[in-house]
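Note on naming: letters A, B, ... go to the chains in the order of the sequence lines (proteins, then strands), and numbering restarts at 1 for each one. Everything numeric in this text was worked out from a predicted model, so none of it was measured.
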There are 2 protein chains.
Amino acid sequence: MDSTVKVITSPVCNVTCFEQEKVARIKSELAKEEHLLPQLAELYKVLGNVTRLKILLALAQGELCVCDVAHVLGLTVAATSHQLKLLRDQGWLAMRNDGKMVYYRLRAEGLLTALKGEMRLLEERLG
Amino acid sequence: MDSTVKVITSPVCNVTCFEQEKVARIKSELAKEEHLLPQLAELYKVLGNVTRLKILLALAQGELCVCDVAHVLGLTVAATSHQLKLLRDQGWLAMRNDGKMVYYRLRAEGLLTALKGEMRLLEERLG
DNA sequence: CTTTCATTTAGACGATTGCGCAAACGATAA
DNA sequence: TTATCGTTTGCGCAATCGTCTAAATGAAAG
């Protein structure tokens, strides 16, 4: 065994590590932006669902009340409300109260700036 | 009740539908691109996970063997291999065989074109 | 051949997700 | 006040996910 192998840090135990210094360098690089990754993942997670994509596309054509969104989706109002709240909590949607009705609409600026931000971030790292 | 209400299509039953014709129009708009949404969601789903984002960022600095990726992640080799296969199956990574070792690398072109494609798609619809 | 060892696959298990049902909430109308 | 009704919330369930351990590949060395 040479010096680049079998020097284990943790927590991957009893496993050979080739190119130890390269691994260490990459780990320190990742550590710099590791705090951003959970938010970035959440951002993508919210888009990784057909129901939510449909909501975004539907509301791109104008605001809708909850039960009309439900009809567009073909889901119960409860399930629709749940997803709307999720999107609203992450800043993709805004809501407006009108009597008993609640109207949801896109907050496209935030959506677009977020997407462009991720784009830029990845472009920087991937060339 | 007026003509815009209580005309139920399905499967959201016993729920009032306001702006019936608007809902119908949006549904037909969505239907046109509905077949694309599952793929789009899968694309985002794969990015909605910190482990996989770390893998992409790590490999952005050059190819690595599986066990070195595992050390970067701090996960078992098995879990690492599982995520690498997932990314490879979706075309984000390529692999190279060298004896017992397997080296993974980014296929950045596909990654970037995919991201830019989604960007364009959403930009069109959101202004 | 057999052994070794990096990787993959199989199986299990806890955590998370997405949905429906039903109850609670909140605003309007009587 | 009480009744109505759109929406939200709480709970449960089935399905999926992310990880582990252990066994199975597969290639190189002895």
Side-chain angles (χ1 to χ4, degrees), chain A residues 1-2 4-6 8 11-19 23 37-38 41-42 44-55 63-71 73-90 93 95-104, chain B residues 1 4-6 8 10-19 23 37-38 41-42 44-55 63-71 73-90 93 95-104:
Chain A
M1 75 175 82
D2 65 6
T4 65
V5 179
K6 291 281 191 187
I8 307 304
V12 182
C13 300
N14 301 325
V15 174
T16 306
C17 178
F18 305 93
E19 309 207 61
V23 168
L37 297 186
E42 287 308 312
Y44 282 122
K45 226 176 275 184
V46 88
L47 295 177
N49 175 273
V50 173
T51 294
R52 288 190 291 272
L53 288 177
K54 281 186 191 173
I55 290 177
E63 71 174 12
L64 287 173
C65 70
V66 176
C67 72
D68 279 358
V69 175
H71 275 94
L73 297 177
L75 289 182
T76 61
V77 173
T80 302
S81 175
H82 180 248
Q83 298 297 349
L84 287 170
K85 173 171 170 46
L86 207 158
L87 288 165
R88 179 164 54 89
D89 286 348
Q90 298 208 2
L93 302 184
M95 60 176 281
R96 176 176 70 87
N97 234 293
D98 182 18
K100 302 177 192 173
M101 315 288 288
V102 176
Y103 290 93
Y104 281 86
Chain B
M1 70 176 87
T4 66
V5 178
K6 290 281 188 190
I8 307 304
S10 74
V12 181
C13 300
N14 302 327
V15 174
T16 306
C17 179
F18 305 93
E19 309 209 63
V23 167
L37 297 185
E42 287 308 311
Y44 282 122
K45 226 176 276 184
V46 86
L47 295 177
N49 174 275
V50 173
T51 294
R52 288 191 289 272
L53 288 177
K54 281 186 191 172
I55 290 176
E63 71 173 13
L64 288 173
C65 69
V66 176
C67 73
D68 279 358
V69 176
H71 275 94
L73 297 176
L75 288 182
T76 62
V77 173
T80 303
S81 175
H82 177 69
Q83 299 295 353
L84 287 170
K85 172 171 170 44
L86 207 158
L87 288 165
R88 177 162 54 89
D89 286 347
Q90 299 209 2
L93 301 184
M95 60 175 282
R96 175 176 69 86
N97 233 295
D98 182 17
K100 301 178 192 172
M101 315 289 288
V102 175
Y103 290 92
Y104 281 85

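A straight line from OH of B:Tyr44 to P of C:dT17 spans 19 Å, rounded to a whole angstrom. Here C:dG18 presents its P atom at 13 Å from CG of A:Leu73, a figure rounded to the nearest Å. Taking atom CG of residue A:Leu53 and atom P of nucleotide C:dG18, one finds them 11 Å apart after rounding to whole Å. Per the geometry, CG belonging to B:Leu64 stands 16 Å off P belonging to C:dA6, to the nearest Å. Atom-to-atom, CG of A:Asp68 to C1' of D:dC5 comes out at 15 Å; the value is rounded to the nearest Å. The nearest whole Å value for the distance from the CZ atom in A:Arg52 to the P atom in C:dC19 is 8 Å. Spacing between atom CE of B:Met95 and atom P of C:dT7 amounts to 10 Å, rounded to whole angstrom units. Spacing between atom NZ of B:Lys45 and atom P of D:dC17 amounts to 6 Å, rounded to whole angstrom units.
Separation of atoms NE2 (B:His71) and CG (B:Leu64) is listed at 12.0 Å; rounding is to 0.5 Å. Between atom CG of residue A:Asn49 and atom CD of residue A:Gln83 there is a gap of 5.5 Å, rounded to the nearest 0.5 Å. Distance CG/B:Leu84 to CZ/B:Arg52: 11.0 Å, rounded to 0.5 Å.
Regarding contacts with the backbone of C:dC19, every side-chain N or O of A:Thr76 stays at 4.0 angstrom or more from both OP1 and OP2. For the OP1/OP2 pair of D:dT8 and a distance below 4.0 Å, the side-chain nitrogens and oxygens of A:Tyr104 include at least one atom meeting the criterion. Residue A:Thr51 has a polar side-chain atom (N or O) positioned under 4.0 Å from OP1 or OP2 of C:dC19. Remark: A:Asn49 is not in phosphate contact with C:dT17, judged by side-chain N or O atoms under 4.0 Å from OP1 or OP2.
Shortest non-hydrogen contact noted between B:Cys65 and B:Tyr103 is N-CD2, 3.5 Å. Nearest heavy atom pair, residue A:Gln90 against residue A:Glu42, reads OE1-O, 3.6 Å. Here the closest heavy-atom approach between residue B:Gly99 and residue B:Asn97 is recorded as O-OD1, 3.5 Å. Between A:Leu53 and B:Leu37, the shortest heavy-atom distance links the atoms CD1-O, 3.9 Å. A:Pro38 and B:Val50 make their closest contact through CA-CG2, 3.8 Å (heavy atoms, listed as atom of the first residue, atom of the second, distance). Considering every non-hydrogen atom in both A:Thr80 and A:Val66, the closest pair reads CG2-O, 3.9 Å.
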Do any N or O atoms of the protein come closer than 3.5 Å to N or O atoms of nucleotides 25-30 of chain C, and which pairs are they?
none

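The side chain of B:Phe18 approaches D:dG6 more closely than any other nucleotide in the set D:dG6, C:dG18, D:dT8. For B:Leu75, taking side-chain heavy atoms from C-beta onward, the closest of the listed nucleotides D:dC20, C:dA22, C:dT17 is D:dC20.
With the nearest nucleotide of DNA chain C identified for both A:Glu42 and A:Ala78, A:Glu42 has the one nearer the 5' end.
The salt bridge (Lys or Arg N to Asp or Glu O under 4.0 Å) pairs that include a residue from residues 76-87 of chain B are B:Lys85-B:Asp89, where partners are two or more places apart or lie in different chains.
Contacts between residues 81-88 of chain A and DNA chain D, defined by a heavy-atom separation under 4.0 Å, are made by A:Ser81, A:Lys85.
Within 4.0 Å (heavy atoms only), A:Ala79 reaches sugar-phosphate atoms of the nucleic acid but no base atom.
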